[in-house]
Amino acid sequence: MNSENAKNKEVHNFIEQIILEDIRSHKNEGRVQTRFPPEPNGYLHIGHAKSIFLNFGVAEKFGGNCNLRFDDTNPEKEDVEYVDSIKEDIRWLGFDWGNREFYASDYFDQLFEFAVKLIQKGKAYVEELSSDEIAAAKGTPTKPGKESPYRSRPIEENLKLFKLMKEGEFEEGKKVLRAKIDMASPNMHMRDPVIYRIKKVPHHRTGNKWNIYPMYDFAHGQSDAIEQITHSLCTLEFESHRPLYNWLIEYLEIFPSRQIEFARLNLTYTVLSKRNLLELVKGGYVNGWDDPRMPTISGLRRRGYTPASIRNFADRIGVARRDGMIDVALLEFSVREDLNKTANRIMGILDPVKVVITNYPEEGEEWLDAINNPEDEAAGSRKMPFSREVYIERSDFMVDPPRKFFRLGPGREVRLKHAYIIACEDYNTDAATGEITEIYCTYDPDTKSGADITGKKVKGTLSWVSVRHALPVTVRLYDKLFHKEDPLALQKDDDFKNYVNPDSLKTIQSVVELSVQDAKPGERFQFLRQGYFCVDPDSSAGNLIFNRTATLRDTGSKKHG
RNA sequence: UGUCCCGUAGUGUAACUGGCAACACGUCUGAUUUUGGUUCAGAAGAGUCCAGGUUCGAGCCCUGGCGGGACAACCA
């Protein structure tokens, strides 16, 4: 095979290979049907995005469909608030599930009938042992369990009792329905798993209709069957459930969906489990589920990430069965890659210091052409006001700069982007703090951008904002939420929250050029030489708030000051 | 002490039914540049956990180790 063929050849992950093989062998008439099955008990995060892109992506790729199905079998923890946010997030990621929006709770009647069928087959029984007693009799992974004294109850009695459970005759915890499988199985999930429990809790969709609710193992696979899901993709921790999943297909005689597990996403400097994320929210470590430091979809959106950048990220990380940890740098690369092509450039000075151009007319003012995006000609250009006093970045000036510092210092020359070359003549410092208060420069009128007749070359180009026209804004500088690469790799008694980065958010007052004064929440920009920023919804008419999405890649400035 | 899964450059993923290990990120050079961004050119970096076996040939197959992970919620 030559290199061109190799290039054109599409690479399929192991799941796609299975599906391809199923299509080839005409399994399920070649039909591909997947589903994304969130439990509405929390917000979606980047790990779910991996699953969404996998499930919807694979359906799209092979001419199938992907259902959105809420796994809402535990009314204690679930709420419509989450249903709404989940739908919003999936839509934002770019997927449309049409009318294929389902709920496990829609199948409760059917699920109940499945349970009855299992009882009738002698494959389920009503248990009266307490939760603790059941656990105690279950054995351990290395020791077999003991059979319950209620295990051999007659079918009719099981049927009667189960119906009474449904009718609310018993208190919570008094009885459960268990599948009758094998208490000695090396697989704990096969040791007579509980499949229905009593919960006298109103459900966000079925209200007070039910006193009993099915467990995950008796709802998920059955919902898959009802929806004729061909490939049921889930994460590795469900692997040991698969024998039970298949056992129920056999005894319920339902559509044989195939469960396939893949490794969940782990990211460096990040936690990705609803439980941990909830702790961060509840403990006030962040300002809610959509805090831009959160790896939630809503957090990433607010941070300024684009759906395309997340999709590219998902494509790059691939899908496999081995556990790993992805470097967040890859996620950052993915946003920069996208924003570099799409975000308009503006001047934003994070930490301003004033430069006075002493030979520029006091009241002088001119509007200079500034290209919006060198990567996208269609983005056009704008006019920027220039005047005698401009702000530059404080870090762009050094009194005694090292050799490779390409910016401003006494006696040095730099170009102000889109404007003139200036030369530093003098500066003032605050007597008390030694901080630079003002820098004095002269400009060369013959070096105007686009009309430079001197041919002069300088090593540095600075961003700037005219003092008189500057727009004060608030900027939130975000950094990693944790300073530990794997916050969950802990000694006992340690807590991942001890590794929250105290500098993950710095709020500062900055200035930006006038042209963005009408920017709307969600709009993204590149502050030239600084990074990508996104207007936060907290912004008000008089005060724009920018969230830093990511810094620009920086290959040198740190080394040289 | 059980069962199952996994083990390829620093990280992640590839390598069609066995045919001399590839791509991306990261790292490092150099060029270009009115963003120390982008782009372009290039480099270093694994001999595929180990040991046997089958084979003309093994990252792919077999056996045995070693290492990592999962599993004992009336959670999903």
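None of the values given here were measured: they were computed from a predicted structure. Quick note on labels: first sequence line is chain A, next is B, and so on, each numbered from 1.
Put simply, A:Thr555 has a side-chain N or O that comes within less than 4.0 Å of OP1 or OP2 on B:G37. Distances shorter than 4.0 Å separate none of the side-chain N or O atoms of A:Arg529 from OP1 or OP2 on B:U34.
An anti orientation is assigned to B:G26, its glycosidic angle lying beyond 90° of 0.
Contacts between residues 169-185 of chain A and RNA chain B, defined by a heavy-atom separation under 4.0 Å, are made by A:Gly173, A:Val176.
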ask   = So A:Asn276 and A:Glu279, side-chain contact (heavy atoms from CB on, under 4.5 Å) or not? Walk me through it.
value = CA-CA 5 Å; A:Asn276 292 328; A:Glu279 281 184 54; 3.9 Å; yes

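Shown here are the salt bridge (charged side-chain N to carboxylate O under 4.0 Å, His left out) partners of A:Arg258, two or more places apart in sequence or in another chain: there are none. Legend: residues meeting side chain to side chain donor-acceptor pair (under 3.5 Å) with A:Arg69, ordered by chain and number and at least two apart, are A:Asp224, A:Glu227. Checked against side chain to side chain donor-acceptor pair (under 3.5 Å), A:Asn41 has the following partners two or more places apart in sequence or in another chain: A:Glu39, A:Lys274. In terms of the side-chain contact (heavy atoms from CB on, under 4.5 Å) criterion, residue partners of A:Arg548 (sequence neighbours excluded) are, by chain and number, A:Leu477, A:Phe533, A:Thr551.
Of the candidate nucleotides B:G36, B:G37, B:A14, B:G37 has the atom lying nearest to any side-chain atom of A:Arg345. Listed nucleotides B:C74, B:C5, B:U3 differ in distance to A:Glu239; the shortest reach to its side chain belongs to B:C5.
For A:Arg336 (side chain) and A:Ala550 (main-chain N/O), no donor-acceptor pair under 3.5 Å exists by modelled atom type.
For B:G37, the base has no donor-acceptor partner in the side chain of A:Glu337 [N/O atoms by modelled type, under 3.5 angstrom].
Across all strands, A:Arg415 comes closer than 4.0 Å to base atoms (heavy-atom distances).
Comparing B:A70 with B:U55, their P atoms are spaced 40 Å from each other, to the whole Å.
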query = Dot-bracket for RNA chain B, 5' to 3', counting Watson-Crick or G-U wobble pairs under 3.5 Å, with [ ] for crossing pairs and | for inter-strand pairs?
reply = .((((((..((((.....[..)))).(((((.......))))).....(((((..]....))))))))))).....

